[in-house]
*Asks:* 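Here it is: the structure, laid out below.
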Amino acid sequence: MEFRIADTFTDSLARLSAPDQKAVKTSAFDLQTNPQNPGLQLHRIENSKDRNFWSVRVNRDIRIIVHKTEASMLLAYVDHHDRAYAWAERRRIEAHPKTGAVQIVEVRERVEELPLFTPRESAGATSPFSRLSDDELLSIGAPADWLADIRAASEDGFLELAPRLPAEAAEALLQYATTGLLARPAPAPADPYAHPDALRRFRVVENIEELAQALDAPWDKWAVFLHPSQRDLVERDYSGPARVAGSAGTGKSVVAVHRAVRLARASVHARVLLATFSDPLAAALERKVRLLAGADAGLLSRIRVASLPVIAAELFELAHGHRPHVATPDRLARALEKATEAAEGAVNANFLRSEWTHVVDAWQVADCAAYLAVPRLGRKNRLGSKQRERLWPIFAAARKSLETRGFHTWPGVFSAVTRHYAERTEKPFTHVVVDEAQDLGVPELRFVAAVASAGENGLFFAGDLGQRIFQQPFSWGALGVDIRGRSSCLKVNYRTSHQIRRAADRLLPKEIRDVDGVAEARGGTVSVFNGAEPRVLVAPDAAAEIDAVAAFLMEALASGVDANEIGVFTRRPEELSRARAAVDAAGCEPMELSERGDDPGERISIGVMHLAKGLEFKAVAVMACDDEILPLQSRIDSVADEVELEDVYETERQLLYVAATRARDRLLISGVTPGSEFLRDFTSERGAAS
């Protein structure tokens, strides 16, 4: 007998108290070990039209709902007695007559809120689905008894209907409403549970260890159930470098983690690097890897999770026998300033710092001849050969000053490791997977290409150009990392409600292209759940803003959101005092994101927007979005040319997008009058994807 678990079971388990969850897990283990155990007290759900639903007694009040046939046992749902029985009485589990995928279907005639949707209710709002035929609706997995409701629902009304439908049908209809295109169904397999749409909600568990893994972290559904589009990217083999894109919340990091584990599991000789740009993000990825790998110590030993600077420093030490001494920004600024004093004629300090950062140091220009030849992509100031010859002694003197004192820059560290491994056949890693790849710079990209094997599946990148907040764009293809033809885009948003995603997308254009012309289309992305409209507040002063944010936090707490499921972000550390004041006024204890570990306790996380990347919360407040703070005036004042100014505005706008899309259900964005100019974009259509 096959033993399966459904995503509806893990969802319902997560809503129970900790003692009840512990008792449910014990009963589930007993059920897997001996389904005939009389102590489990199985009772058929007599009022259900599906005669295969049974209840399993956990304690006086908690019941597990199982779907039992001669061939299989499925953990379907768990709840308090009456709610558990009501759930089973309103559901059936069956293979869809058209797609062949097994589905959990809500029985239309037993929905108490009848009638849900009628043509009269939809008067004045055109239904986007009214012209779809029965065959078209059935082809995407819509249950036959819900076809009339689907055709009658307006676009807004459909958001209320969608949670009652199988996920593949709801997503296909949302995509149709957004793009006018109806998804093509996957071929029906002989085994209804082997259909890609069934694999996303049902999983076979072979033993107690696998069941424990599925039950120990019920909130982390990504570890157990994958969307078909994600599963395809995890399992696909690539002959060259590949990239997955997608807007915030579409599961790019999920794909990266699953892919790293899959590659490590494929061979005992695998050496997999899962890397990202910061230590906090690397720590979050490592927790996910450990959750996914479970107790398999051998598998974990084949995966190295680290930030790019950490792994570069380790490899530098292996190659050169000592750790690199990296110059601080202040030391670098002093070196450039001193070198400028000896130069002939005046030189703009902002331009000099920008040219060093984005050209000379990024490309590791070695001499004047190389400086004359280096591409200055995206730099508006066209420097002729004489101008470059005049500037080069300044850069050469600054570099010599650093080297004499034994200092490297981070691009120098990456480049030293790159040179060490570039010509070697034996590489440190057989596979490199990079998360948040949109923030790779020139030296980092060269580095990961040099330390990965050149064979199949050597390089895989996950990122979103719309979340680029650190690096100027450049050509990957020019550095030998050509992803053309091996780039995919995820379209289903799991983290952010429809309302928050729609508002945040207004900050960005419908399509973003990289320098090599590879497009990331943001249109057509759909969120799988509904929520409250995000709020935007421009307060008369900081005190009024603090009061409003505190009220927002207390409202979230009163609705059942835990303190550790709330985040408050600001653009700069200087404004974190306002975040602390709001959290204090809400009666909670703040905790800085830099201190956040595996167990944040009952504290509300606060931090700058840059540290929010990769995190998620049920409720988010983005504070202090004031004029001259967002976009940050000091960045604007330091630009060297108009092209760089445009990039500053883009990355500042994308930073707000990153912060806003950390929210799942509730979002407040606030500032002090007159407020950031970006707030107007957030609340009005600007041609972005919706």
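In this chain, residues are counted from 1 in sequence order. Because only heavy atoms are used, hydrogens play no part in the values below, and waters and symmetry mates are left out as well, while side chains stay in.
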*Asks:* Under the rule for side-chain hydrogen bond (donor to acceptor under 3.5 Å, both in side chains), what residues qualify as partners of Asp665, not counting sequence neighbours?
*Replies:*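 Listed in chain order: nothing, the list is empty.
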*Asks:* Go through the steps to decide whether Ser527 and Arg501 satisfy the test side-chain hydrogen bond (donor to acceptor under 3.5 Å, both in side chains), and finish with yes or no.
*Replies:* CA-CA 7 Å; Ser527 296; Arg501 179 198 58 78; 3.0 Å; yes
*Asks:* Can you name the closest pair of heavy atoms from Leu336 and Leu352 and give their distance?
*Replies:*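 That would be O-CD2, 4.3 Å.
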*Asks:* Which of these passes side-chain contact (heavy atoms from CB on, under 4.5 Å) with Ile311: Leu273, Val451, Val448?
*Replies:*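 Only one of Leu273, Val451, Val448 forms a side-chain contact (heavy atoms from CB on, under 4.5 Å) with Ile311, namely Leu273.
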*Asks:* Tell me, please, which residues at least two apart from Glu628 pass side chain to side chain contact (heavy atoms under 4.5 Å, CB included).
*Replies:*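 Checked Glu628 against side chain to side chain contact (heavy atoms under 4.5 Å, CB included); matches are Gln633.
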*Asks:* What distance separates Glu355 CD from Asn350 CG, expressed to the nearest 0.5 Å?
*Replies:*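 Rounded to the nearest 0.5 Å, the CD-CG separation comes out at 13.0 Å.
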*Asks:* Mind jotting down which residue pairs meet the ring-ring contact (aromatic ring centres under 6.0 Å, His included) criterion with at least one end in residues 545-581? Sequence neighbours excluded, please.
*Replies:*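 Of all non-adjacent pairs touching residues 545-581, those that pass ring-ring contact (aromatic ring centres under 6.0 Å, His included) are Phe569-Phe617.
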*Asks:* Check the pair His258 / Leu292 against side-chain contact (heavy atoms from CB on, under 4.5 Å), numbers first and verdict last.
*Replies:* CA-CA 8 Å; His258 273 269; Leu292 196 59; 3.5 Å; yes
*Asks:* If you define the side chain from C-beta out and look only at heavy atoms, does anything of Val272 sit under 4.5 Å from Arg304?
*Replies:*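 No - every pair of side-chain heavy atoms lies 4.5 Å or more apart.
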*Asks:* What are the two closest non-hydrogen atoms of Lys252 and Leu490, and how far apart are they?
*Replies:*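 Scanning both residues completely, I find the closest heavy atoms to be N-CD1, 3.9 Å.
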*Asks:* Between Thr651 and Asp647 (side chain of the first, backbone of the second, donor and acceptor by atom type, cut-off under 3.5 Å), is there such a pair?
*Replies:*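 Side chain of Thr651 to backbone of Asp647: a pair is present.
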*Asks:* Suppose we screen for salt bridge (charged side-chain N to carboxylate O under 4.0 Å, His left out). Which residues come up paired with Arg334, at least two apart in sequence or across chains?
*Replies:*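 Testing Arg334 for salt bridge (charged side-chain N to carboxylate O under 4.0 Å, His left out), a comparison that skips the adjacent residues, returns none.
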*Asks:* Would you check, one step at a time, whether the test side-chain contact (heavy atoms from CB on, under 4.5 Å) holds for Glu171 with His227?
*Replies:* CA-CA 11 Å; Glu171 291 166 14; His227 187 277; 2.9 Å; yes
*Asks:* Any non-hydrogen side-chain atom of Arg331 less than 4.5 Å from a side-chain atom of Thr328?
*Replies:*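 SC-SC contact between Arg331 and Thr328 confirmed.
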*Asks:* Using a strict 4.0 Å threshold on nitrogen-to-oxygen distance, state whether Asp562 and Lys618 make a salt bridge.
*Replies:*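 Not counted as a salt bridge, because no side-chain N and carboxylate O are separated by less than 4.0 Å.
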*Asks:* Test of understanding: with side chain to side chain contact (heavy atoms under 4.5 Å, CB included), list the residues that count as partners of Leu300, not counting sequence neighbours.
*Replies:*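 Leu300 satisfies side chain to side chain contact (heavy atoms under 4.5 Å, CB included) with Val289, Arg290, Ala293 once adjacent residues are dropped.
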*Asks:* Counting N and O atoms only, with roles assigned by atom type, does the side chain of Arg635 sit under 3.5 Å from a partner on the main chain of Pro631, one being a donor and the other an acceptor?
*Replies:*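 Not at all, since once roles are kept as given, no pair shorter than 3.5 Å links the two residues.
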*Asks:* Do Glu436 side-chain atoms and Gly463 backbone N/O form a donor-acceptor pair below 3.5 Å?
*Replies:*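 No; judged by distance alone, with no hydrogens or angles, the pair does not exist.
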*Asks:* Heavy atoms, side chains only, cut-off 4.5 Å: are Val568 and Leu553 in contact?
*Replies:*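 Contact flag for Val568/Leu553 side chains = yes.
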*Asks:* What's the spacing between Tyr657 OH and Leu507 CG if we round to 0.5 Å?
*Replies:*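 Answer for the OH-CG pair, Tyr657 versus Leu507, is 9.0 Å.
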*Asks:* Does Arg484 offer a backbone N or O that forms a donor-acceptor pair with the side chain of Ser487 under 3.5 Å?
*Replies:*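 No; zero donor-acceptor contacts below 3.5 Å.
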*Asks:* Please name all residues satisfying side-chain hydrogen bond (donor to acceptor under 3.5 Å, both in side chains) with Ser278, sequence neighbours left out, ordered by chain then number.
*Replies:*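 Here no residue qualifies.
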*Asks:* Just verifying a value: how many Å separate Glu575 CD and Cys625 SG, rounded to the nearest 0.5 Å?
*Replies:*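 One gets 10.0 Å once the value is rounded to the nearest 0.5 Å.
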*Asks:* For the residue pair Thr570 and Ala624, what are the closest heavy atoms and their distance?
*Replies:*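 Closest heavy-atom pair between Thr570 and Ala624: CG2-CB, 4.4 Å.
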*Asks:* Think Arg506 forms a cation-pi with Phe682, using NZ or CZ under 6.0 Å from the six-ring centre and within 45 degrees of its axis?
*Replies:*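 Not flagged: Arg506 not positioned over aromatic ring of Phe682.
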*Asks:* May I ask you to decide whether Asp439 forms a salt bridge with Lys613, counting only side-chain N to carboxylate O separations under 4.0 Å?
*Replies:*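 A salt bridge links Asp439 with Lys613.
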*Asks:* Mind running side-chain contact (heavy atoms from CB on, under 4.5 Å) on Phe461 and Val244 for me, showing each step along the way?
*Replies:* CA-CA 6 Å; Phe461 303 94; Val244 58; over 6 Å; no
*Asks:* Are any of the side-chain heavy atoms of Leu285 and Thr276 separated by less than 4.5 Å?
*Replies:*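 Of all side-chain heavy-atom pairs linking Thr276 with Leu285, at least one is under 4.5 Å.
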*Asks:* Salt bridge check: are Glu533 and Arg502 linked by an N-O gap of less than 4.0 Å?
*Replies:*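 A salt bridge links Glu533 with Arg502.
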*Asks:* Could you tell me whether the side chain of Arg495 and the main chain of Thr661 form a donor-acceptor pair under 3.5 Å?
*Replies:*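 Yes; judged by distance alone, with no hydrogens or angles, the pair exists.
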*Asks:* Can you check side-chain hydrogen bond (donor to acceptor under 3.5 Å, both in side chains) on Thr409 and Asp361, steps first, answer last?
*Replies:* CA-CA 8 Å; Thr409 62; Asp361 200 29; 2.9 Å; yes
*Asks:* Any salt bridge linking Arg580 with Glu592? Criterion: basic side-chain nitrogen under 4.0 Å from a carboxylate oxygen.
*Replies:*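 Salt bridge present between Arg580 and Glu592.
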*Asks:* Roughly how far apart are Ile604 CD1 and Ile566 CD1, rounded to 0.5 Å?
*Replies:*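 Rounded to the nearest 0.5 Å, the CD1-CD1 separation comes to 4.0 Å.
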*Asks:* Residues two or more places apart in sequence or in another chain: which of them pass ring-ring contact (aromatic ring centres under 6.0 Å, His included) with Phe407?
*Replies:*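 Result, ring-ring contact (aromatic ring centres under 6.0 Å, His included) vs Phe407: none returned.
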*Asks:* By side chain to side chain contact (heavy atoms under 4.5 Å, CB included), which residues pair with Ala313, not counting sequence neighbours?
*Replies:*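 Scan of Ala313 (side chain to side chain contact (heavy atoms under 4.5 Å, CB included), adjacent residues dropped) gives Arg323, Pro324, Trp410.
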*Asks:* Describe, in one word, how the ring planes of Trp356 and Phe395 are oriented to each other, choosing from parallel (under 30°), tilted (30 to 60°) and perpendicular (over 60°).
*Replies:*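 Geometry flag for Phe395 against Trp356: tilted rings.
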*Asks:* With side chains defined as the heavy atoms from C-beta onward, is the minimum distance between Pro443 and Thr418 less than 4.5 Å?
*Replies:*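 No, their side chains stay 4.5 Å or more apart.
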*Asks:* Distance-only criterion, 3.5 Å: show the donor-acceptor pairs between side-chain atoms of residues 666-675 and protein atoms not counting sequence neighbours.
*Replies:*
unit_1	atom_1	unit_2	atom_2	d
Arg666	NH1	Glu555	OE2	3.3
Arg666	NH2	Ser559	OG	3.0
Ser670	OG	Glu545	OE2	2.6

*Asks:* For the CZ atom of Phe678 and the CG atom of Leu655, what is their distance to the nearest 0.5 Å?
*Replies:*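 The CZ atom of Phe678 sits 9.0 Å away from the CG atom of Leu655.
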*Asks:* For Phe447, check ring-ring contact (aromatic ring centres under 6.0 Å, His included) against everything at least two apart and list the hits.
*Replies:*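 Partners of Phe447 by the ring-ring contact (aromatic ring centres under 6.0 Å, His included) criterion, ordered by chain and then number, come out as Phe414.
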*Asks:* For Glu652 and Tyr649, indicate whether the former's side chain and the latter's backbone hold a donor-acceptor pair under 3.5 Å.
*Replies:*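 Not a single qualifying donor-acceptor pair exists.
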*Asks:* Thr250: which residues meet the side-chain hydrogen bond (donor to acceptor under 3.5 Å, both in side chains) condition with it, sequence neighbours left out?
*Replies:*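 Testing Thr250 for side-chain hydrogen bond (donor to acceptor under 3.5 Å, both in side chains), a comparison that skips the adjacent residues, returns none.
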*Asks:* Can you tell if the side chain of Trp476 reaches within under 4.5 Å of the side chain of Leu445, non-hydrogen atoms only?
*Replies:*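 Counting from C-beta outward, Trp476 and Leu445 do come under 4.5 Å.
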*Asks:* Determine whether Asp11 and Arg15 make a side-chain contact, defined as any pair of heavy atoms from C-beta on separated by less than 4.5 Å.
*Replies:*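 Asp11 vs Arg15: side chains touch.
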*Asks:* Of all the heavy-atom pairs spanning Leu593 and Ser605, show the shortest one and how long it is.
*Replies:*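 What the structure gives for the nearest pair is CD2-CB, 3.6 Å.
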*Asks:* Cut-off 3.5 Å, side chains only: do Ser307 and Asp279 have a donor facing an acceptor?
*Replies:*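 The answer is yes; a qualifying pair exists.
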*Asks:* Does the pair Phe474 and His358 meet the rule for a ring pair (Phe, Tyr, Trp, His ring centres under 6.0 Å), with working shown?
*Replies:* CA-CA 10 Å; Phe474 61 93; His358 299 299; over 10 Å; no
*Asks:* Is a side-chain N or O of Asp541 found less than 3.5 angstrom from the main chain of Ala544, in a donor-acceptor match?
*Replies:*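 Side chain of Asp541 to backbone of Ala544, a donor-acceptor pair under 3.5 Å: yes, one is there.
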*Asks:* Answer whether the closest heavy-atom distance between the side chains of Val526 and Lys491 falls below 4.5 Å.
*Replies:*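 No. Closest side-chain heavy atoms not under 4.5 Å.
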*Asks:* Which residues pass the side-chain hydrogen bond (donor to acceptor under 3.5 Å, both in side chains) test with Ser253, not counting sequence neighbours?
*Replies:*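 With sequence neighbours excluded, Ser253 shows a side-chain hydrogen bond (donor to acceptor under 3.5 Å, both in side chains) to Asp435, given in chain and number order.
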